[in-house]
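Structure below; questions to follow.
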There are 2 protein chains.
Amino acid sequence: MAVKKPTIKDVARLAGVSFKSVSRVVNNEAWVSDEVRTKVQAVIEQLNYQPNRTARLMRTAPFSLAFVYDNPNSHYVIEMQNGILTECREKGFELVIHPTDSASDQVRHELTSMIGTNLVGGVILTPPLSESTTLVQQLLEQQAKVVRIVSGAEPPDELCPTIYVDDEAAGQAITEHLLDQGHRHIAFLGYHKDHKSSLGRYRGYCAALHHAGFAVEDELVISGHFTFDSGVQMTEQLLQQSNKVTALFGCNDEIAAGALYAARKRQLAVPEDLSIVGFENSPFSRQTWPGLTTVHQPNAEIAARAAAMLISLMLEPEQTPKHCGFKLQLVLRDSVSPI
Amino acid sequence: MAVKKPTIKDVARLAGVSFKSVSRVVNNEAWVSDEVRTKVQAVIEQLNYQPNRTARLMRTAPFSLAFVYDNPNSHYVIEMQNGILTECREKGFELVIHPTDSASDQVRHELTSMIGTNLVGGVILTPPLSESTTLVQQLLEQQAKVVRIVSGAEPPDELCPTIYVDDEAAGQAITEHLLDQGHRHIAFLGYHKDHKSSLGRYRGYCAALHHAGFAVEDELVISGHFTFDSGVQMTEQLLQQSNKVTALFGCNDEIAAGALYAARKRQLAVPEDLSIVGFENSPFSRQTWPGLTTVHQPNAEIAARAAAMLISLMLEPEQTPKHCGFKLQLVLRDSVSPI
DNA sequence: CTGAAAGCGCTAACAA
DNA sequence: TTGTTAGCGCTTTCAG
């Protein structure tokens with residue numbers, strides 16, 4: 001039979017105190033006598049009383065945040081999600097998941113509704129959503145707390161606390177690694193003009209070539225998406241239009257895995273005939289054969305940081321957390337050989 | 001400056017009606033004159049009024065559910081999550097994510113707290129959590145709505161609506177496929193006595209062998225986990241202790257991918273020297289080289305179904321949704337060759 | 001230190 | 001068809 005859940009009043013009655021005292025104990029407020037505290041705690045235990053979050057939320061700011069993403073990459077999403085959850089757990093926050101289609105205009109509406117209806121008190125934005133200043137402003141106007149994760153060597157502006165990841169420096173580093181191994185004709189796969197991470201990595205690629213005194217060869221820069229299938233297709237296109245390429249920089253590990261697949265289909269040995277590098281260090285970059293040389297992108301850590309910033313923003317609004325930048329490290333595996 | 005959010009009363013005042021009328025319009029209740037409805041809607045528009053979910057939740061059942069999992073497999077989690085979200089969107093529900101460690105005793109506490117504090121009205125349980133009848137009962141006692149996903153040819157009991165997935169039949173089918181190709185010494189990788197899916201697949205494997213008149217060879221059955229690393233390790237162990245094996249059934253795609261990796265490390269060609277099959281049809285099973293023959297497990301669909309059942313359970317408690325079984329289909333790719 | 005009263009924004013019950 | 005009155009379970013005054 002449906003037993004009604006005990007409320008704060010039930011506890012108060014049984015403990016012989018006012019329900020306000022119970023509230024004080026539950027919220028660990030000061031100015032409660034040990035006697036009352038002990039008594040109340042005993043009753044709470046006995047009744048297995050659990051405060052109703054909903055009721056509490058009516059008087060306080062929401063204790064939950066939203067993770068907003070538009071990304072086909074499961075590993076990225078899961079790692080981010082896990083990072084955020086770690087932090088949420090610790091602080092007693094709940095996580096609401098909100099995948100979305102950034103192309104659709106609905107996003108704005110969905111997000112403002114999440115905030116407007118008091119579902120969540122803050123949001124963590126990832127690219128490409130995080131790159132829209134108007135979206136951020138709109139959210140901010142609604143009193144939402146916002147933390148965004150973007151690609152860049154520094155925060156784009158001071159709108160809100162920002163996590164920025166230096167794709168350019170890492171893109172340069174991995175390209176230099178290829179140059180160090182003697183490669184002179186290095187392809188770049190996954191160029192996308194509307195994709196800040198892609199652009200950052202591309203800029204790093206160009207910088208490395210220039211510093212080494214080489215020109216960027218247009219026919220070696222292939223546009224595409226951050227997916228395996230796109231990687232396969234771009235590689236096929238590349239190998240058709242150039243036979244001098246000896247190394248290939250996939251803009252992320254999925255592209256690189258696609259390249260590996262396409263190379264193998266063409267009977268090319270990796271790394272003997274073709275060196276391949278990726279970007280992100282997703283779990284499967286070490287599960288391919290050969291393992292992929294790549295750049296480690298600590299997604300879980302980045303996300304945990306974002307969550308920590310957001311939560312602090314919600315809890316202590318007076319002290320704005322500072323921005324936070326991430327530098328990325330090379331991970332050397334077996335998909336590159338000297339020429 | 002912080003503008004206070006408009007409440008139902010603000011709307012009522014401006015529209016010149018009682019706030020109850022506004023509530024009626026918002027909730028699409030009957031018995032509202034068109035005149036009032038139009039007027040109220042105009043004001044809602046004008047003020048950009050958004051009802052406060054929290055307040056509403058105090059009078060109604062929670063409009064959110066939890067997805068509880070304990071699984072290292074990103075693809076599985078993401079696919080499930082996406083499936084659930086599809087359904088949630090449609091019905092206006094929110095999703096709270098709750099990864100957990102089923103080994104820890106804390107799970108019980110965490111779950112009962114989610115329910116007890118009114119955070120969510122129901123939960124979707126996946127293995128191995130879903131296999132604990134005591135957990136389910138405990139949740140049920142708290143008035144929680146529960147839907148569980150389990151491995152089996154039929155629901156284990158009538159505690160709650162159940163989605164059951166027939167691992168055994170599929171395990172048998174894929175083993176038969178191997179037998180049809182002439183394989184006689186087929187290894188089974190990923191046996192785990194506490195893991196129902198593993199057990200189901202193992203039973204199917206045994207059944208296929210028996211029907212074909214062969215015995216199960218103990219040395220070809222290797223225990224391990226559903227991970228890539230375990231797959232690598234089990235394959236190495238297998239190849240050391242047996243040289244007659246010609247085909248290998250990985251209990252999931254990760255194990256199979258690990259096997260592929262280990263085989264390649266040993267200079268074994270797949271499928272020429274060794275045929276490999278997996279289970280689940282996760283995205284990367286077609287991204288390996290060669291693509292993995294496997295069993296398609298429609299995770300998103302399964303999850304969407306579970307969510308639909310749970311939501312219906314919450315919305316129309318009188319009509320219990322029926323259980324629902326899934327049969328799995330073979331996916332033939334290039335990792336198997338006849339002998 | 002403790003408690004009574006008010007009220008968060010909304011929905012349910014009951015009148016009008 | 002509409003409005004009034006309660007009251008959800010809790011926190012926040014503010015007065016003891």
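Chain A is the first sequence line, chain B the second, and so forth, proteins listed ahead of strands; every chain is numbered from 1. The structure displayed is predicted, hence computed values, not measured ones.
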Which nucleotide in dC8(C), dG3(D), dC8(D) has an atom nearest any side-chain atom of Val17(B): dG3(D)
Parallel, tilted or perpendicular: rings of Phe93(A) and Phe63(A) (30°, 60°):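 Geometry flag for Phe93(A) against Phe63(A): parallel rings.
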Pair Arg108(B)-Thr134(B), side-chain donor/acceptor within less than 3.5 Å: yes
Rounded interatomic separation in angstrom, taking CG from Asn52(B) and P from dT11(C):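 It works out to 10 Å between those atoms.
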Rounded distance (Å) that lies between atom C1' of dC10(D) and atom NZ of Lys5(A): 15 Å
Closest listed nucleotide, where the reference is the side chain of Ser33(A) and the choices are dT2(C), dA13(C), dT11(C):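 So the nucleotide nearest the side chain must be dT2(C).
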Residue pair His323(B) / Glu158(B), side-chain donor-acceptor N/O under 3.5 Å: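 Yes, Glu158(B) and His323(B) have a side-chain donor paired with an acceptor closer than 3.5 Å.
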Below 4.0 Å: OP1/OP2 of dT11(C) and any side-chain N or O of Ser23(B): yes
Integer-rounded Å distance: dT2(C) C1' and Ile8(A) CD1: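 Answer to the nearest Å: 14 Å.
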Interatomic distance, Asn118(B) CG vs dG9(D) C1' [rounded to whole Å]: 10 Å
Of the listed nucleotides dC10(C), dG9(C), dC10(D), the one nearest the side chain of Met58(B):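 For Met58(B), the side-chain atoms sit closest to dG9(C).
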Global bending angle along the helix from dC1(C)-dG16(D) to dA16(C)-dT1(D), which compares the axes of five pairs at either end, to 10 degrees: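 The two end axes of the helix from dC1(C)-dG16(D) to dA16(C)-dT1(D) meet at 40°.
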Phosphate OP1/OP2 of dG9(C): any Thr7(B) side-chain N/O under 4.0 Å: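 For dG9(C), neither OP1 nor OP2 has a side-chain N or O of Thr7(B) closer than 4.0 Å.
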Arg24(B) (side chain) and dG3(D) (base): donor-acceptor pair under 3.5 Å: yes
Which residue lies more 5' along DNA chain D, comparing Val26(A) with Arg37(B) via nearest heavy atoms: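 Looking at the nearest nucleotide for each, Arg37(B) comes out on the 5' side.
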From CG (Leu125(A)) to OG1 (Thr162(A)), nearest 0.5 Å: 10.0 Å
Residue whose nearest DNA chain C nucleotide is more 5′ - Ser21(A) or Ala55(A): Ser21(A)
Intermediate values then yes/no, salt bridge (charged side-chain N to carboxylate O under 4.0 Å, His left out), Arg305(A) and Glu87(A): CA-CA 8 Å; Arg305(A) 200 61 219 271; Glu87(A) 206 62 31; over 6 Å; no
Given DNA chain D, 5'-ward residue of the pair Arg59(B) and Gly16(B), judged by closest heavy atom: Gly16(B)
Polar side-chain contact Lys20(A)-dA4(C) base: donor and acceptor under 3.5 Å: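 Result: no qualifying N/O pair found.
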Distance, rounded to the nearest Å, where Asp10(B) contributes CG and dC10(C) contributes C1': 13 Å
Distance in angstrom units between Lys39(B) NZ and dT2(D) C1', rounded: 11 Å
Distance, rounded to the nearest Å, where Phe19(B) contributes CZ and dC10(C) contributes C1': 8 Å
Length of the line joining Leu57(A):CG and dG9(D):C1', which is rounded to integer Å: 12 Å
Among dT1(D), dC10(D), dG3(D), the nucleotide that comes nearest once only the side chain of Trp31(B) is considered: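 So the nucleotide nearest the side chain must be dT1(D).
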Parallel, tilted or perpendicular, as decided by the 30° and 60° cut-offs, for the rings of His195(B) and Phe226(B): parallel
Sugar-phosphate, base or nothing in reach of Asn27(B), heavy atoms under 4.0 Å: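 Sugar-phosphate, backbone atoms only, no base.
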Under 3.5 Å side-chain donor-acceptor pair for Ser130(A) and Arg148(A): no
CG on Asn299(B) to CD on Gln81(B), rounded to 0.5 Å: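 Answer for the CD-CG pair, Gln81(B) versus Asn299(B), is 12.5 Å.
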